[in-house]
J.: 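I am attaching a structure below and will ask some questions about it afterwards.
Order of the sequence lines sets the chain letters (A, B, ...), proteins ahead of strands, with each chain counted from 1.
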Amino acid sequence: MPIPYRDIDDIEELGLAAYLRIVAAGDKSGYAGTLFVINAHGEPIEFTYNRIETPHTFLWRQDDIRRHAMRKLTASILSLCPKTPRLILCLAEEVKSELFCQDIQVSIPVCRLAPAIEVTSYSGDESQDTLKDPEPMNLFWFPNRPGENSIEIRLLQELISRGLLVEPFERAAIGLKEVYGAEGNTSL
Amino acid sequence: MGLSDWWEETHKVEAPHARWFGLFRREIKLKEYSPSRLTIPPIRIATGKSLSLQYKVSISTPNSLSAEWSLTPAMNLFSCGATPFDTQNGSVDLASVLLNKDVSASSKHPVATHIFIDSYKIKPLPTKSEIPLSKRLAYLLQPSTDMLLSKSGPLEWPGTLFEYQMEGIKALTTHNALLLADDMGLGKTIQAVGALRILFLQRHIESCLLIVPASLISQWRKELYHWAPELRISTIKGPASERAWQWRSPAHTYLTSYETFRSDFTDNPQSPPRRHIWDVVILDEAQKIKNKDVEVSRKCKQLRRRRAWALTGTPIENRMDDLVSILEFVTPLKDGDSPLRLTHGQELIDRHKRLQLRRKKSDVFPQLPPKIVSQIVLQLDAQQRESYERAEKEGIIQLQEKGQTARIENVLELIMRLKQICNFCPMSGQSAKVEDIYERLGTLESEGHRALIFSQFIDQEYGARAIVSKLQSLQPLLYTGDLSLSQRDAIIREFKENPEHRVLVLSIRAGGQGLNLQDASYVFHFDRWWNPAVERQAEGRSHRLGQTFPVNVYKYICEGTIEERIDKILQEKQLLFDELVDDVTIDLKAKLTSEELFGLFGLTPP
């Protein structure tokens, strides 16, 4: 009998956050990705995953293959997500700006996260924001940072206050490893 | 386009996925797979009394099977569960899925199928390959215990957990069998509740049976509500007809007393406590089952359980057999297995070391104010002395007259009689102890301190009631075992909330364990109990977390009486046992030999 949270109404009002994780296979044979959806308290709601294999060929620039693969992979994952999250969070080092600025259009804010000490490229279509606590982070929003009192920002603040800004990415990676690493489909 | 309209692929910029090579247009050839989705639907517990699980399966796409269910309270949530299917091409409903439950019925069905499994039959934990992917993911995707315990984690904790408490919670969550033997006052209750909360949240467990002393039921309820407000508790108490539906109420945790549990655990395998395989069984104050031959002890050990936790600050009260009995419980019991039987020896020692988690106040809480134990040696006044000596003399003569027919019970009777006279003179009602305590309490009152007075007796002539009537001007409150549970709760609440009551007089058996009485910093042992461990437990009501003053403990001993002689023997035994079993000591009544008991009166046993 799963336990309903005490302040369940708050959770429902804040909605869901989706963590997009795309990980390259160790042998460069492709990518595995997941959209890990949690509620404002970090409770897992959905875990949608897929993988895609890329060709080993000199005909194409690796960057082009990566971009094409990520687009296809992300589209396939999103195609199976009936729930609409409030926002999508992803790691800037994994998800380049073109994915959501050019290849896939979403009606919800996308936030790419990068540690402040890392050099990160971002598009002119994105707006930059910084976070000082709990650790310095750069946040690249597309299309724009939601308003201060918006539900998306309240959700983000709730996640931050509960230590859930980055931690779910780790859980998502563990889940991917369990799915593909254990079955040997890809050496993540 | 996907299942929803919140996203779409765009073609604002032509992505370089195709290129002309002379006359040929080549595209990047990707090997694509179908995505999979794992749904972990939040479940709302509806009200009502339907006893069935109803499933509603909707098929969205060939690759997406979304199972939704409305859960109505089930009489027996433990006996049935939906078995998810392992799939690469479908979503899996994970509600009520326990990682450590029987998965033998799992299969790779191409469509959603719900298979009821008989969870009564516990099999060895499945290997990783036997556990469906969905279950493994359900486990891995939950927030970690560390994170759940973190102040900034997803769970709101109503108070600060100390480091050692977090370690204790982690130990409980990771051990199927544990004897939590922390010193009194270190928060064993909170640790157990915290561990339960996390295990329920992580969906590792879905049922718990919590057996506690009757006097502590309301305190456990309070702590459960405070520290794990999400959990639904069913308290089993009252007449049998009420208990029947209390056992049937859907709840995470069934809370009951040892006495009620003993009544409701019958020979019928369908009697409520026997009906389930409990995910956790917790015994609070587990020394209640120290005697392996008593009924409640045997019944506790017969409970089928996946986890067994015993909580007690005194795993040995009297002798090693106490520990043996408790450790026999601290082990999971599978269906069809017989309860464990242990004997003295190296195996027992090894097992004890393996299963006991014990932290002392001084180790984990050096900032706790000190406990200062003093003896107050008093002289009986002339009349009380005369009564005492007459009773002793007559008692010894009676014992001598009995000759070979004298029994230990006769000696114990005499000891009790003499102890009573040390409390109050049967002729005049005067008491050297009351006179002393009255004077001390007057000083303490003026300094703003409050006090607890423990006595072995509760009667109007020699015990707690007599003390209360003598100290009326201090508005003392009385807490004894013959009060109802609600009356006892009211007394404790009154003492905590109304500082005008400077004194609480308690019978040591009823009030010596489980209560949190940090408001008082002075403890008086009006008479001496047989067992120093029980005295220490009583002192622990005050000397515990939350105490801000040094705790002063006073033990009354009347000079030249049986109390002095008993104290001497107790001290010797205490030293001996401190060395043997980590500061846990003995029961005088149980440990004194016939020679020692008769020797108290200069007699030799027949």
J.: Quick one: are B:Leu155 and A:Arg162 in side-chain contact, heavy atoms under 4.5 Å?
T.: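 The answer is no; the side chains never approach within 4.5 Å.
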J.: List the residues meeting side-chain contact (heavy atoms from CB on, under 4.5 Å) with A:Ile174, not counting sequence neighbours, and say none if there are none.
T.: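 A:Ile174 satisfies side-chain contact (heavy atoms from CB on, under 4.5 Å) with B:Leu140 once adjacent residues are dropped.
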J.: Under a 4.5 Å cut-off applied to non-hydrogen side-chain atoms, are B:Pro35 and A:Ser79 in contact?
T.: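 Of all side-chain heavy-atom pairs linking A:Ser79 with B:Pro35, at least one is under 4.5 Å.
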J.: Hey, could you give me the CD/CD distance between A:Glu43 and B:Gln202, rounded to the nearest 0.5 Å?
T.: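 Here the rounded value is 11.5 Å.
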J.: What option among A:Pro55, A:Gly33, A:Pro168 has the most heavy-atom pairs under 4.5 Å with chain B?
T.: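 Option with the top pair count is A:Pro55.
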J.: Rounded to the nearest 0.5 Å, what's the gap from CD on B:Glu9 to CG on A:Leu78? Could you check?
T.: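 Interatomic distance, B:Glu9 CD to A:Leu78 CG, rounded to 0.5 Å: 9.0 Å.
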J.: Checking heavy atoms, do the side chain of A:Leu99, its backbone, both or neither come under 4.5 Å from chain B?
T.: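 Neither part.
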J.: Roughly how far, to the nearest 0.5 Å, is OG1 of A:Thr54 from NZ of B:Lys29?
T.: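 B:Lys29 NZ to A:Thr54 OG1: 14.5 Å, rounded to 0.5 Å.
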J.: Side-chain contact, heavy-atom cut-off 4.5 Å: A:Glu53 with B:Leu30?
T.: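 Counting from C-beta outward, A:Glu53 and B:Leu30 never come under 4.5 Å.
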J.: Which atoms form the tightest heavy-atom contact between A:Phe36 and B:Leu141, and what is the distance?
T.: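 Closest pair (atom of A:Phe36, atom of B:Leu141, distance): CZ-O, 3.8 Å.
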J.: Could you tell me if the side chain of B:Trp6 sits less than 4.5 Å from the side chain of A:Val106, heavy atoms only?
T.: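 Yes, their side chains come closer than 4.5 Å.
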J.: Examine whether an atom of A:Ser161 lies under 4.5 Å from a heavy atom of chain B, and if so say whether it belongs to the side chain, the backbone or both; otherwise answer neither.
T.: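 Looking at A:Ser161, just its backbone touches chain B.
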J.: Taking side chain as C-beta onward, heavy atoms only, is B:Gln142 less than 4.5 Å from A:Pro44?
T.: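 Side chain of B:Gln142 against side chain of A:Pro44, heavy atoms only: contact under 4.5 Å found.
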J.: Rounded to the nearest 0.5 Å, how far does CG of B:Leu133 lie from OH of A:Tyr49?
T.: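 Between atom OH of A:Tyr49 and atom CG of B:Leu133 there are 5.0 Å.
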J.: Can you tell me how far CD of A:Glu178 sits from CZ of B:Arg136, rounded to the nearest 0.5 angstrom?
T.: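 It comes to 4.5 Å.
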J.: Measuring heavy-atom distances to chain B, does A:Glu167 have an atom under 4.5 Å in its side chain, in its backbone, in both, or in neither?
T.: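 The side chain, not the backbone.
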J.: Is there side-chain contact between A:Ile104 and B:Thr10, with heavy atoms separated by less than 4.5 Å?
T.: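 SC-SC contact between A:Ile104 and B:Thr10 ruled out.
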J.: Measuring only between side-chain heavy atoms, which start at C-beta, is B:Pro143 closer than 4.5 Å to A:His41?
T.: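 Answer no - side chains too far apart.
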J.: Would a 4.5 Å heavy-atom cut-off, applied to side chains only, mark A:Thr74 and B:Trp7 as touching?
T.: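 Not touching, per the 4.5 Å side-chain cut-off.
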